[in-house]
Structures are given as C-alpha cells and as structure tokens.
Amino acid sequence: MESQVGGGPAGPALPNGPLLGTNGATDDSKTNLIVNYLPQNMTQDEFKSLFGSIGDIESCKLVRDKITGQSLGYGFVNYSDPNDADKAINTLNGLKLQTKTIKVSYARPSSASIRDANLYVSGLPKTMSQKEMEQLFSQYGRIITSRILLDQATGVSRGVGFIRFDKRIEAEEAIKGLNGQKPLGAAEPITVKFANNPSQKTGQALLTHLYQSSARRYAGPLHHQTQRFRLDNLLNMAYGVKRFSPIAIDGMSGLAGVGLSGGAAGAGWCIFVYNLSPEADESVLWQLFGPFGAVTNVKVIRDFTTNKCKGFGFVTMTNYDEAAMAIASLNGYRLGERVLQVSFKTSKQHKA
DNA sequence: TGGGATT
C-alpha cells in the first residue's frame with residue numbers, strides 16, 4: 001500500500017521469514033521480493049515487465065519519492081508462486097542494468113520498526129575493511145547491509161560507509177555508542193548519523209533549479225556584474241598573484257589543477273569561500289551563488305563540537321563561465337561586517 | 001585562510 005515500506009534500499013531478508021500463523025493468512029515471505037540498486041531512470045512499467053517475464057506477478061511497486069515522483073532505486077515484487085520468486089532471485093539477482101548491478105532478495109516483512117534504520121558513517125580509517133566496519137557495528141544489532149565507498153580511480157576507501165540495521169532502535173543505539181568515537185587504533189573519531197534518502201541528491205538538484213529560475217527574476221548579486229569578468233583577473237586570483245601576466249592563455253588550459261573537481265561524485269568547479277560568519281549556514285551560500293548559475297552543492301564547514309561555521313565553505317558550480325562570474329562578482333563582496341574572499345579551490349598540499 | 005564525501 002504505502003510507498004515508504006522499508007524506508008529505503010534494504011538488504012537480504014530472512015531466507016525464511018516468520019510464518020504468519022495458522023489463521024489462513026498467506027505467507028508472503030516466500031513470494032515477496034525486494035529489488036535494490038535499480039537504475040534511476042527505470043519506470044514502473046519497465047520494472048513490471050522485467051519481473052513479469054519470470055512468472056505471474058500478484059503485485060509490484062517501484063518505490064518513488066512522495067513529492068518529486070523520482071525513483072528511489074528500489075522496489076517490491078510479489079509473485080503468485082513462491083517458485084517464481086525463487087527463480088527471480090536466481091536469474092535476476094546480479095543482473096547489470098546500465099551502471100547498476102541489481103540486487104534481488106526476499107523482502108523482510110513490512111513493519112515500522114525496520115524503517116529508518118540506515119546509517120551513514122564517515123571518518124573511517126582508510127584501512128578499515130567492510131568486515132571490520134561490520135564488526136564494529138554488530139555489537140548494536142543485526143546488520144542487514146553494509147558498504148564502504150571506494151574511490152573510483154584508486155579503489156581505496158573514501159572513509160565513508162553505510163550500515164543498515166534490522167531495527168531502527170539498533171541504529172539509534174549505534175549512533176549513541178559510536179558517533180564521535182575513535183575505533184580502536186584510529187587517529188580520528190568517526191561520525192555516525194542517519195543516512196539521507198538516496199533521492200535527496202536529485203531532489204536537491206531539482207530545488208536548485210527551481211530556486212535559480214526564480215532568483216534570476218529578482219535582485220541579487222547579479223548587480224555586481226558591473227565588475228566585469230576578465231580571464232586575466234581570474235587567473236591572478238586562482239594563482240594568488242597580484243599582477244597580470246601577459247602570457248597568452250587560450251581557453252582554460254591555464255587553469256589546470258584549479259577548481260575542477262574530477263571525482264565521480266558531482267563533477268564541477270569547486271569554489272572556496274572564506275570569511276563567513278560563525279552563524280553562516282548553507283542557505284547564505286545558495287543565495288549568494290545561485291543567481292550566477294547551476295550550483296550543485298554548497299557546504300558550510302562547522303566545528304565538530306560547537307556546530308558554528310569555521311569561517312569558510314565550499315560551493316560547486318557546473319559551468320566554468322558561471323563559476324568565474326560568481327567569483328569575479330563575489331570576491332571582495334561585503335556580507336554584513338565581513339568582506340568575502342572567493343576563489344577557485346586549489347589543491348592544497350597538506351604538509352608532511 | 002582550506003572540508004567532506006550519501007550506496
């Protein structure tokens with residue numbers, strides 16, 4: 001019935017779920033499957049026809065965001081015949097669709113207690129394996145799925161992972177017990193919190209778009225465009241030099257190593273914003289940069305304990321020209337009592 | 001005056 005069953009991608013369910021008793025109710029545990037890691041653009045019809053090719057479907061549902069209608073990347077299929085459910089697992093689990101490898105497994109019985117049991121973990125030692133992470137968390141309950149995110153190029157851990165517990169209450173206990181704690185032998189404490197919904201990223205991009213289209217119609221830092229954009233100025237800023245160098249630079253070839261974030265997660269131009277007030281939040285960055293074009297991400301860096309802004313933040317913009325215009329316009333911009341310093345992020349070598 | 005990372 002409801003689109004939020006399970007609350008998000010869930011993992012392998014009990015191979016033999018609890019029987020529902022002797023009152024004649026059907027035992028769904030043998031016919032009801034959960035499908036994870038579906039391509040974002042798969043439609044309900046495509047979902048149904050893929051799983052319908054195995055056998056008679058009693059019901060199926062591609063789960064979508066209640067507000068945006070975006071696929072959340074998982075769904076449920078209930079077969080009429082338990083043998084077909086088994087066959088679907090055997091033939092479709094691990095199937096590669098576009099960039100995804102789908103996962104097909106028995107669904108756990110729907111219940112409020114298993115909702116919102118998914119945790120996001122950051123600050124993990126890069127050397128910690130998935131198994132070690134599971135060991136750390138398993139003291140708080142039964143783990144349904146776990147994952148450590150890897151750098152696409154090197155295959156090295158990004159120090160970020162996910163843990164889905166069987167029960168919400170287990171996840172809560174794990175946060176209480178592990179958030180801000182150092183795993184044994186680790187130099188830094190880990191952060192443990194509830195994970196965002198997988199659709200939130202696209203939802204955010206959607207909101208960005210809506211915001212931009214309205215913000216462009218009203219007042220905003222666009223007025224500073226009178227400070228016309230000039231490539232030489234930008235290069236000077238990017239390299240931290242004062243004088244214009246008459247070296248001819250065609251296009252962006254002179255900007256190697258500056259700003260452009262190549263990571264698989266959200267490519268774009270990363271902008272460093274300095275001299276924000278301790279009270280600054282993400283909305284101020286959206287407001288400052290949004291009017292210049294496509295902003296995919298903003299981040300205010302806060303102190304771990306006080307939660308106050310540490311005086312700087314980052315903004316990612318999709319298009320070079322818009323990022324350049326934002327920098328040219330906002331560098332030196334007076335925000336309250338403070339004068340902002342805005343530049344492309346450069347790769348700072350942290351000292352050995 | 002330089003972080004975090006959302007399958």
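In what follows, chains are A, B, ... by sequence order, proteins preceding strands, each numbered from 1.
Here the OG1 atom belonging to Thr31(A) is positioned 9.0 Å from the OH atom belonging to Tyr106(A), to the nearest 0.5 angstrom. The CZ atom of Arg302(A) sits 7.0 Å away from the SG atom of Cys309(A) when rounded to the nearest 0.5 Å.
Atoms OH (Tyr74(A)) and P (dT6(B)) sit 20 Å apart, rounded to a whole Å. Atom CG of Asn196(A) and atom C1' of dG4(B) are 13 Å apart (whole Å). One interatomic measurement links the two molecules: CG of Leu124(A) to C1' of dG4(B), which rounds to 13 Å at whole-angstrom precision. Atom CD1 of Ile148(A) and atom P of dT7(B) are 15 Å apart (whole Å). Between the CD atom of Glu282(A) and the P atom of dG4(B) there is a distance of 12 Å, given to the nearest Å. Following rounding to the nearest Å, Glu188(A) (CD) and dG3(B) (C1') show an atom-to-atom distance of 13 Å. For Lys299(A) and dA5(B), the NZ to P distance is 5 Å, given to the nearest whole Å. Remark: P of dA5(B) and CG of Asn297(A) are 10 Å apart, rounded to the nearest angstrom.
When each of dG4(B), dT7(B), dG2(B) is scored by its nearest atom to the side-chain atoms of Leu149(A), the top-ranked nucleotide is dT7(B). With dT6(B), dG3(B), dT1(B) as the candidates, the nucleotide lying closest to the side chain of Phe272(A) is dT1(B).
Residue-level contact check: Lys193(A) touches the bases, meaning some heavy atom is under 4.0 Å from a base atom. Residue-level contact check: Phe312(A) touches the backbone only, with heavy atoms under 4.0 Å from sugar-phosphate atoms and none from bases.
Residue side chain Tyr274(A) fails the stacking definition with respect to dG2(B), as its ring centre and the base's six-membered ring centre are not both under 5.5 angstrom apart and under 30 degrees in plane angle.
Regarding contacts with the backbone of dA5(B), a side-chain N or O of Ser122(A) is found under 4.0 angstrom from either OP1 or OP2. The side chain of Tyr120(A) places an N or O atom within less than 4.0 Å of a non-bridging phosphate oxygen (OP1 or OP2) of dA5(B).
Judged as a side chain to side chain donor-acceptor pair (under 3.5 Å), not a single pair has a partner in residues 180-191 of chain A (not counting sequence neighbours).
Taking every heavy atom of both residues into account, Lys30(A) and Ala85(A) meet most closely at O-CB, 3.4 Å.
Mapped onto DNA chain B by nearest heavy atom, Ile301(A) and Ile163(A) fall at different nucleotides, with Ile301(A) at the one closer to the 5' end.
Between Tyr320(A) and Phe344(A), the ring-plane angle classifies as parallel under the 30° and 60° cut-offs.
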